[in-house]
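Note sheet for the following structure.
Proteins get letters first, then strands, A, B, ... in listed order; numbering begins at 1 in each. Since the structure is predicted, the reported quantities are computational estimates derived from the model, not experimental observations.
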Amino acid sequence: MSDVIRMTNVTKKYIKQTALKDISLTVPIGKIIGVVGGNGSGKSTLLKLMSGLSLPTSGSVTVNGEKANRKTGKVVSYSSELSSFYPIFTVREAMRFQASQFVDFNLAKAEEIMKLMRLDPHMKVKALSKGNRGRLQIVLTLAREAPYILMDEPLSGLDPMVRESIVKGMISYVDLKSQTLIMTSHEVAEIETLIDSFIALKDGSLLKMADVEELHETEALRIADWMKKAYI
Amino acid sequence: MDEFNASKPIYLQLADRIHRQIISGELKAGEKLPSIRDMGLKFNMNPNTVQRTYSELEREGILETKRGQGTFVSERQDRLIHQRDKLKQEQIEQFVRVMREMGYSAAEILSGLKEYLNNVEKGDE
Amino acid sequence: MRQWSALFIKDFKLTRTVFFIGLVMNVLIAMLTLYMGRVADDSLLMFVPLAIAVAIHVVYVPLIVFIDLKSEGNHLHLWLNNPQPAYKLLLSKIANGLMMMVISLTMLYALSRLLIEPNFSLIEPYWTDTWRMGWFIFPHMIWISIELCTWVMVLWAIYQYLKLKIGRWSWAVVAGAAVLSEGLNALFKTSDPYRYVTEWGGITYQFPTILSEPIQTFAGGYIYDFIIIIGLFILTAWLVDNKVEG
């Protein structure tokens with residue numbers, strides 16, 4: 001019952017702008033969820049609040065019944081849009097470090113994903129190409145057997161081949177019996193068949209949260225087409 | 001996924017695809033289907049959606065899940081034959097409805113269809 | 001333990017460049033000393049660069065910890081997402097800085113020793129006091145360095161917090177806070193209540209051949225510093241756990 005991420009009337013203000021306005025929603029285990037919306041609609045902020053890396057200005061965010069804060073990292077595997085890692089490590093060292101810090105990090109699984117992603121374990125992280133950074137991000141994030149996996153724009157700026165392998169990695173390694181994957185993306189068409197539900201944000205407000213199939217059934221629309229209508 | 005459109009839920013579109021594969025003989029009675037995950041990987045599709053498709057087809061009696069072994073095309077030929085007939089019926093109904101809407105008579109439809117099939121068969125030879 | 005040692009190694013790797021540069025500089029200073037010994041022979045002046053190098057080590061731990069925190073700041077979410085409590089994350093940084101400082105300072109001492117050997121006649125009258133003073137300075141440098149380090153950490157954490165609340169002038173606020181608190185601290189240290197609280201358990205150190213005045217320390221003074229160190233450390237850990245956002 002309490003195994004959900006719950007946001008209740010969450011508002012997040014920064015000095016100059018309000019990033020999110022009065023968001024209330026609940027995310028259960030066992031789903032792949034896409035967060036969609038234009039630039040500056042608050043997608044990244046939403047993910048950071050869920051991961052406890054950001055704190056709401058008002059309202060509350062709870063993860064599995066506990067108030068989200070830095071220590072939410074125990075149950076949330078978060079990856080940022082910038083694919084940032086400690087530059088001092090090699091690929092394998094980065095994996096080992098992750099394994100030493102997170103009890104739920106499955107090193108064998110990480111090695112497997114690494115092979116699937118064709119990453120060279122001896123490569124220095126700082127020498128990786130953008131595509132390979134995206135792949136490493138997948139390795140480090142999905143090898144954790146955490147109930148919630150939060151990925152900020154895992155597909156953005158990568159070439160189609162890398163995106164394809166990342167999507168395959170998500171399907172293979174997210175266990176929907178015990179995990180939920182929440183990802184932001186502006187590649188809406190690409191994730192249409194991948195996600196169960198979507199959270200649509202506009203200027204920091206929640207426009208709609210619904211099942212994708214529901215949208216197909218009731219409006220016979222793809223998310224992208226629905227967005228064109230809804231975002232005017 | 002260009003293979004799927006928005007006119008119909010994706011899980012039903014996948015069900016239609018499996019139907020067609022069974023009727024065309026591409027999938028034979030008793031044959032094992034890919035696991036939910038592999039099927040998901042094939043179409044970059046959410047495993048929950050594949051699960052829903054499999055459940056739906058099981059409900060129809062087309063697929064059978066054997067515990068610990070996977071999902072198979074049903075051995076029960078009557079079900080498959082029934083399904084084959086049902087699909088034929090559906091297609092014919094749709095075709096006839098469209099033809100009637102355009103004002104063709106039964107005789108015209110029948111002769112047109114015969115002629116068309118003859119041509120196609122000649123073309124095949 | 002594996003968790004913590006992996007953290008420690010990570011912190012070492014993040015700061016090792018500065019550490020190695022420091023070691024190279026130690027060698028360069030030793031060479032400078034050697035050179036000065038040649039040109040200005042028979043002069044104790046040749047040991048001035050070494051003495052300065054030792055003195056500079058007082059900022060060693062805060063400097064390393066600051067560089068470490070700054071590099072974490074490039075991708076703060078990585079550090080904040082680590083589920084270990086902040087005190088452990090911070091202790092790893094202090095321990096790393098401390099280890100580097102001890103190694104560097106020990107190296108300087110060893111180099112000094114090597115350089116003193118051939119010029120022993122020069123320093124002979126002061127020798128006993130010199131090495132006794134060396135022993136006195138070493139732990140006190142570490143002590144002060146750690147205290148400065150806790151100040152740096154708390155100011156960094158306050159800066160990270162304010163950055164989100166007031167933006168670009170946070171550094172000014174933090175600088176103001178630093179000056180103000182140091183001022184208050186200094187003021188308090190000259191006051192009667194401070195003396196009343198801390199002036200017990202006195203120890204007197206005499207280095208008659210070097211200093212005419214003895215150095216007086218109090219156990220109470222150390223305890224006062226210790227309380228400040230612990231207080232600032234707890235405050236920093238609390239800020240990181242509850243207020244800093246990534």
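- Comparing A:L176, A:D225, A:V174 by how many heavy-atom pairs each has under 4.5 Å with chain B, the most go to A:L176.
- The pair A:R92-A:E111 counts as a salt bridge, with a side-chain nitrogen and a carboxylate oxygen less than 4.0 angstrom apart.
- Within the cation-pi definition used here (under 6.0 Å to the ring centroid, within 45° of the axis), A:K48 does not qualify as a partner of A:Y78.
- Your options are A:V167, A:L194, A:I32, A:I223, and the one with the most heavy-atom pairs under 4.5 Å with chain B is A:L194.
- By the side chain to side chain donor-acceptor pair (under 3.5 Å) test, A:T184 is found to be paired with A:D152, residues two or more places apart in sequence or in another chain being considered.
- For the options A:D196, A:L221, A:V212, heavy-atom pairs under 4.5 Å to chain B are most numerous at A:D196.
- With B:S55 as reference, B:Q51 is the one residue of B:Q51, B:E58, B:R52 to meet the side-chain hydrogen bond (donor to acceptor under 3.5 Å, both in side chains) rule.
- Interface remark: A:I195 contributes backbone atoms only to the contact with chain B (heavy atom separation under 4.5 Å).
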